[in-house]
Amino acid sequence: MRVNSLFWSDFVLSLLAMVAIVALVDGWIMSDWSAATALLILINTSVVAGLLSLLKDWQVSSDRSLMMVIMGALTAFGGSFIVFLVFGSLASNYGVFEYLPGYLMIFGIAYFASRFWTLGFFITGRSNSIPIISYGAGSAGTTLAGALLSNTGYRLVGFVDDDPKKRRGRIFGKKISPSSELARLIKRHHVKEIFLAMPSLAAPDRKIVIERLADYSVVVKTIPGLTDILSGKHSVSELKPLNIYDLLGRESVDPIPHLMEQCIQGKVVLVTGAGGSIGSEIARQALKVVPKQLILLDVSEAALYTIEQDLQSRLNGVDTEIVPALGSVTDANFIADVFSKYAIDTVYHAAAYKHVPLVEQNIITGVYNNVMGTWVTLNAAADANVSHFVLISTDKAVRPTNFMGASKRVAELLVQARASCEGPLCASIVRFGNVLGSSGSVVPLFQRQIDAGGPVTLTHRAITRYFMTIPEASQLVIQAGALAKGGEIFVLDMGEPVEIMTLAEKMIILSGKHVRHAPARSQDEIEIKVTGLRPGEKLYEELLISGNVSGSEHPKIQVAVEKFMTQSEVEKLIDQLDALSTSRDERGISGMLMRIVEGFARPASN
């Protein structure tokens with residue numbers, strides 16, 4: 001609320017009070033109690049009107065606000081009535097100016113006491129409560145402030161908002177300041193936490209705000225997103241720690257409905273590796289489009305049980321049959337049985353060993369699973385006249401420095417070769433980088449290390465990675481498969497690469513800690529420890545081999561044109577891999593991959 005608004009509201013109430021004093025001095029009010037009562041009601045009605053106006057101007061809206069007005073009105077009425085009784089007998093003996101102390105008491109009790117109730121008395125908090133700032137003074141910030149009225153654990157000291165229309169205003173009596181005053185507010189009030197109350201802010205703008213807050217060692221918490229608030233899934237007061245999505249500031253694109261539906265709606269869909277991070281999310285996204293049957297295939301009993309139960313709980317009357325299939329994609333008889341039992345239309349092949357260090361230490365098992373699993377499933381799909389087959393690949397397949405990446409590149413070559421054959425099967429590949437929250441992601445690892453007091457470990461100071469959320473990646477995989485004509489390598493727009501060192505530092509700071517650059521000075525300091533690159537690990541990842549890429553119907557899906565092998569060539573490759581795996585010839589498998597996969601050389605450490 002602006003200063004001139006306060007001035008005029010005060011001026012009007014003061015004028016009314018002055019009229020009351022003049023009436024007292026003239027003597028007629030004390031001889032007519034009905035007139036006295038009417039005048040009291042007039043004064044206090046004016047006070048209530050002023051309070052309601054203040055509540056509107058100060059953007060206050062809650063049941064507690066109404067209680068404040070009522071308490072203010074009762075205080076004003078009772079106080080001014082007592083003052084009338086005490087000073088009324090003096091009115092006939094003194095003039096207006098000599099009665100100024102009485103006037104001040106009438107108005108002071110009637111107005112300023114009600115102000116006391118209305119403007120922030122209930123949100124001062126206890127002395128041991130945590131001082132916080134609301135970053136955002138819109139409707140969400142106001143609702144958040146209202147929610148804090150009954151929370152004695154927090155003490156709201158002010159708002160920060162750069163909207164010129166809100167600047168220098170107040171909410172619940174707490175001043176709205178520009179972000180340029182943030183440092184002063186934090187220091188003055190010893191602020192420990194900042195609540196980010198801007199749910200409708202676009203991701204890039206949100207990232208800018210968060211980077212600004214990273215200059216201060218305070219805990220940053222956010223309210224749920226606007227969609228969740230509007231849907232009733234979450235309320236404004238449900239605060240949560242800042243997550244990595246906010247740090248990346250990645251702007252997602254809403255899925256195109258017909259691309260989401262084309263290969264799934266009313267069809268029989270198979271997801272291999274359904275218990276993994278990507279496979280499980282593809283299954284969740286597919287369920288939303290209502291397939292006829294959703295077959296979940298995984299070799300892990302625990303993972304398969306978890307995703308099957310999760311999807312069953314999400315049905316809510318949806319006419320989709322969920323079928324768990326427990327087995328390995330390398331088991332040709334098992335896979336053939338699955339395809340013969342169900343009239344499968346679409347396959348999303350996510351089954352693979354993806355952890356680079358584990359595959360480096362288990363080369364034969366890792367390569368065999370990733371290559372032979374794709375070969376077995378792909379051929380079974382072709383034999384069963386499946387319509388679409390989508391291989392989920394990785395940026396580590398581009399000029400790989402590890403066996404996991406090399407095995408995924410071979411899997412890509414298998415799919416490309418099959419796509420060149422006659423038949424109804426439309427086979428394609430979707431290649432993308434790291435997904436946030438997966439079992440191998442650094443993000444949950446960093447958070448666990450921060451919660452434990454450190455150190456946060458990373459392998460190299462200069463290492464960078466692409467990141468995308470699991471839901472977005474899964475939606476794009478489904479849409480890319482619908483765009484396929486056969487043999488394409490779809491590359492997802494991963495945005496800008498992220499420096500892992502910077503990511504670690506921001507996660508530490510936004511958790512309310514300090515990055516330790518010297519011997520520890522306090523328990524709030526977290527060390528970042530560089531451990532050295534692991535076998536097969538690259539400093540940076542690539543998404544393209546040739547650089548020959550074109551756009552598609554979807555703004556975040558591109559199509560890469562790269563070298564491929566013929567069907568006869570890959571058949572010979574598979575026979576060779578099968579023989580080498582049977583004889584446990586790790587050196588032979590390594591040599592085969594180096595001949596086939598462009599840019600692959602076995603890491604020196606091996």
message = To the closest 0.5 Å, what do you measure between CD1 (I322) and CD1 (I295)?
response = 11.5 Å

query = Does any N or O in the side chain of N370 come within less than 3.5 Å of the main-chain N or O of S407, such that one atom is a donor and the other an acceptor?
reply = no

remark   = Residues F446 and A504: closest non-hydrogen pair is CE1-CB, 3.8 Å

Donor-acceptor contact below 3.5 Å, side chain R409 vs main chain L593 = no

key: Any D331 side-chain heavy atom under 4.5 Å of V299 side chain   = no

ask   = Quick check: are there more than 12 heavy atoms from other residues, nucleotides or ligands sitting under 6.0 Å from OH of Y353?
value = no

key: L483 side chain near V559 side chain, heavy-atom distance below 4.5 Å   = no

query = Where is the tightest heavy-atom contact between A286 and P291, given as atom of each residue plus distance?
reply = O-CD, 3.1 Å

inquiry  = Any side-chain to backbone donor/acceptor pair from H355 onto P357? Under 3.5 Å, distance only.
reply    = no

query = Is there a side-chain contact between K506 and L503, using heavy atoms and a 4.5 Å cut-off?
reply = no

key: Verdict with supporting geometry, I186 and I133, side chain to side chain contact (heavy atoms under 4.5 Å, CB included)   = CA-CA 8 Å; I186 292 173; I133 290 174; 4.3 Å; yes

inquiry  = Is it true that H388 and T346 share a donor-acceptor pair across their side chains at a distance under 3.5 Å?
reply    = no

request  = Please tell me if the side chains of V430 and L492 come closer than 4.5 Å, counting only heavy atoms from C-beta onward.
outcome  = yes

query = Can you list the residues that meet the side-chain contact (heavy atoms from CB on, under 4.5 Å) rule with S393, with sequence neighbours excluded?
reply = A397, K408, E412, I429, R431

message = Quick check: closest heavy atoms across A411 and T374, and the distance to 0.1 Å?
response = CB-OG1, 3.6 Å

CD1 on I478 to CG on L259, rounded to 0.5 Å = 11.0 Å

key: Stepwise side chain to side chain contact (heavy atoms under 4.5 Å, CB included) check, D162 with Y135   = CA-CA 9 Å; D162 286 320; Y135 201 112; 4.0 Å; yes

message = Testing M494, M468, K396 one by one against N434 for a side-chain contact (heavy atoms from CB on, under 4.5 Å), which residue passes?
response = K396

Using distance only, find each side-chain donor-acceptor pair of residues 188-195 under 3.5 Å and give its atom names and separation, not counting sequence neighbours.
unit_1, atom_1, unit_2, atom_2, d
E193, OE1, K221, NZ, 3.4

ask   = Can you check side chain to side chain contact (heavy atoms under 4.5 Å, CB included) on I392 and I282, steps first, answer last?
value = CA-CA 11 Å; I392 284 76; I282 290 175; 3.9 Å; yes

key: Beyond-backbone contact of L213 with L182, side-chain heavy atoms, under 4.5 angstrom   = yes

inquiry  = Can you confirm whether T377 sits close enough to F389 that some side-chain heavy atom of one is under 4.5 Å from a side-chain heavy atom of the other?
reply    = yes

ask   = So do S134 and L156 actually touch side chain to side chain, heavy atoms under 4.5 Å?
value = yes

key: Spacing of T464 atom OG1 and I500 atom CD1 [to the nearest 0.5 Å]   = 7.0 Å

request  = Mind checking the CG-CZ spacing from N402 to R534? Nearest 0.5 Å is all I need.
outcome  = 9.5 Å

ask   = So among E281, K556, Q285, H554, which one has a side-chain contact (heavy atoms from CB on, under 4.5 Å) with Q475?
value = Q285

inquiry  = Please check if the number of heavy atoms outside Y216 that lie under 6.0 Å from its OH is greater than 12.
reply    = yes

query = How many angstroms lie between CG in L413 and CD in E598, if you round to the nearest 0.5 Å?
reply = 10.0 Å

Polar side-chain atom of Q293 near backbone of V323 as donor-acceptor pair, under 3.5 Å = no

Heavy-atom closest contact (F600 atom, P400 atom, distance) = CD1-O, 3.2 Å

task = Verify side chain to side chain contact (heavy atoms under 4.5 Å, CB included) between L185 and V157, making sure each step is shown before the conclusion.
result = CA-CA 8 Å; L185 291 172; V157 300; 5.9 Å; no

task = Might you confirm whether atom CD of E499 has over 12 heavy atoms from other residues, nucleotides or ligands at distances under 6.0 Å?
result = no

message = Using 0.5 Å steps for rounding, measure from the CE atom of M507 to the CD1 atom of I526.
response = 11.5 Å

task = Answer whether the closest heavy-atom distance between the side chains of F432 and I278 falls below 4.5 Å.
result = yes

ask   = Salt bridge or not for D310 and R284, using N-O below 4.0 Å?
value = yes

ask   = Hey, is the main chain of A302 close enough, under 3.5 Å, to the side chain of T306 for a donor-acceptor pair?
value = yes

request  = Return the minimal non-hydrogen interatomic distance between V209 and L196, and the atom names on each side.
outcome  = CG1-CD1, 3.7 Å

ask   = Is a side-chain donor or acceptor of S428 paired with a backbone partner of G481 at a separation under 3.5 angstrom?
value = no

task = Determine yes or no for a side-chain-to-main-chain donor-acceptor pair under 3.5 angstrom, with N369 supplying the side chain and T365 the backbone.
result = no

inquiry  = Could you report the tightest heavy-atom contact between V160 and S179, atom names first, then the distance?
reply    = CG1-CA, 3.6 Å

inquiry  = Counting neighbours of CD on E181 that are heavy atoms of other residues, nucleotides or ligands and sit closer than 6.0 Å, is the number greater than 12?
reply    = yes

